[in-house]
Amino acid sequence: PHPLISDARLQHLYVTLLRTRLLRQRNRPRKGAAPLVVPEAIVTGTVTHLKDGDTVMPVAEDGLAALARGHAVRHILGSVVLPGLLSSAPTAEARFAIATGYAMARQGTQHIVLTFSGPDVVSLDALRPSLSYAALHKLGILFVIETAANADLSSARHTDPLGLYGIPVDGNDVVAIYRVAQEAIH
């Protein structure tokens, strides 16, 4: 039998999930600093699937993506520029626009760009220009959008003609997130 996910990959996911949770606990927000906002399972399930040469644009002040990419905690908490990570931007719109531009610059390579909206997106309207541009140019980019419980995603229907589709996933299920990210990347 061929399992959907190997024992080694499953162990790697859960070890990385534990490491990201421990980092979140250790790095409680400093006075005036933005808290770590992306749930650990979402970061772990998407980032651990990336290959060398792929790039992540994390949520601002969130070291979880760097940890999931395998960077040392001392580098994450320091001010070291880390390979495979773009500097973040303060809003989802800015992150998506910058990541889309970066994916455009890397078009023609086999590498992808992964970017996170951050929590509580209530509408896709502000993100639509980046989504549309990425779809039009068939860019190698994966947008991870965390929605609020009361989000109006009726505008998501209009992305279908562009060739985009969204797959709702439980943000606490690291294996489901990993499998959906794996499918989206391939």
Side-chain angles (χ1 to χ4, degrees), residues 1-29 34-89 92 95-96 98-100 102-103 106 109-121 134 139-147 164-186:
H2 299 286
L4 295 174
I5 186 169
S6 71
D7 289 343
R9 177 54 68 179
L10 190 61
Q11 181 180 3
H12 177 73
L13 282 172
Y14 282 109
V15 166
T16 304
L17 184 62
L18 177 61
R19 290 180 70 212
T20 58
R21 288 216 170 122
L22 292 173
L23 177 64
R24 182 181 293 267
Q25 289 173 356
R26 178 180 177 200
N27 193 28
R28 295 222 187 331
L36 297 173
V37 293
V38 178
E40 298 92 344
I42 295 172
V43 172
T44 300
T46 54
V47 172
T48 56
H49 184 68
L50 299 179
K51 296 182 177 16
D52 288 340
D54 292 340
T55 306
V56 178
M57 174 167 271
V59 173
E61 300 294 324
D62 195 339
L64 301 181
L67 186 64
R69 290 279 337 229
H71 294 292
V73 173
R74 71 179 183 280
H75 293 142
I76 295 167
L77 298 177
S79 58
V80 176
V81 176
L82 301 172
L85 292 168
L86 297 173
S87 296
S88 190
R95 281 189 296 279
F96 278 30
I98 293 166
T100 300
Y102 192 77
R106 298 185 74 187
T109 69
Q110 296 297 313
H111 300 294
I112 67 151
V113 177
L114 170 67
T115 186
F116 297 94
S117 67
D120 301 331
V121 169
L139 300 180
I141 188 166
L142 179 61
F143 298 101
V144 178
I145 302 171
E146 295 177 65
T147 59
L164 295 175
Y165 62 96
I167 303 170
V169 183
D170 178 353
N172 293 310
D173 187 343
V174 69
V175 174
I177 294 166
Y178 175 83
R179 291 185 55 217
V180 167
Q182 183 179 31
E183 179 68 25
I185 289 168
H186 293 291

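This one's a predicted model, so the numbers in the text were calculated from it and none came from an experiment.
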Show, in sequence, the C-alpha distance, side-chain angles and deciding distance for Leu13 and Ile5, and conclude whether the side chain to side chain contact (heavy atoms under 4.5 Å, CB included) test is met.
CA-CA 10 Å; Leu13 282 172; Ile5 186 169; 3.4 Å; yes
Hey, what do you get for [atom1] ([X]) to [atom2] ([Y]), rounding to the nearest 0.5 Å?
| X | Y | atom1 | atom2 | value |
| --- | --- | --- | --- | --- |
| Thr16 | Gln11 | OG1 | CD | 10.0 Å |
| Met57 | Arg95 | CE | CZ | 8.0 Å |
| Ile141 | Arg106 | CD1 | CZ | 11.0 Å |
| Ile167 | Glu183 | CD1 | CD | 7.0 Å |
| Lys51 | Ile112 | NZ | CD1 | 9.0 Å |
| Leu22 | Glu40 | CG | CD | 9.5 Å |

Parallel, tilted or perpendicular, as decided by the 30° and 60° cut-offs, for the rings of His49 and Tyr178
perpendicular
Please check this pair: side chain of [X] against backbone of [Y], looking for a donor-acceptor N/O pair closer than 3.5 Å.
| X | Y | result |
| --- | --- | --- |
| Arg19 | Ala68 | no |
| His71 | Pro83 | yes |
| Thr20 | Leu17 | yes |
| Ser88 | Pro58 | yes |

Does a side-chain heavy-atom distance below 4.5 Å link [X] with [Y]?
| X | Y | value |
| --- | --- | --- |
| Phe116 | Val56 | yes |
| Ile185 | Leu50 | yes |
| Phe96 | Ser117 | yes |

Just one of Val169, Ile177, Val174 clears the side chain to side chain contact (heavy atoms under 4.5 Å, CB included) bar with Ile42, so which one?
Ile177
Around atom CZ of Arg179, are there more than 12 heavy atoms from other residues, nucleotides or ligands closer than 6.0 Å?
no
Grab the two heavy atoms, one from [X] and one from [Y], that are nearest each other, plus how far apart they are.
| X | Y | result |
| --- | --- | --- |
| Thr48 | Arg9 | O-NH1, 3.3 Å |
| His75 | Leu82 | CB-CD2, 3.7 Å |
| Ala181 | Gly45 | CB-O, 3.9 Å |
| Tyr102 | Val113 | CD2-CG2, 3.6 Å |
| Ile98 | Ala89 | CD1-CB, 3.9 Å |
| Val47 | Ala65 | CG1-O, 3.7 Å |

Just do the side chain to side chain contact (heavy atoms under 4.5 Å, CB included) check on Asp54 and Leu114 with the steps written out, would you?
CA-CA 8 Å; Asp54 292 340; Leu114 170 67; over 6 Å; no
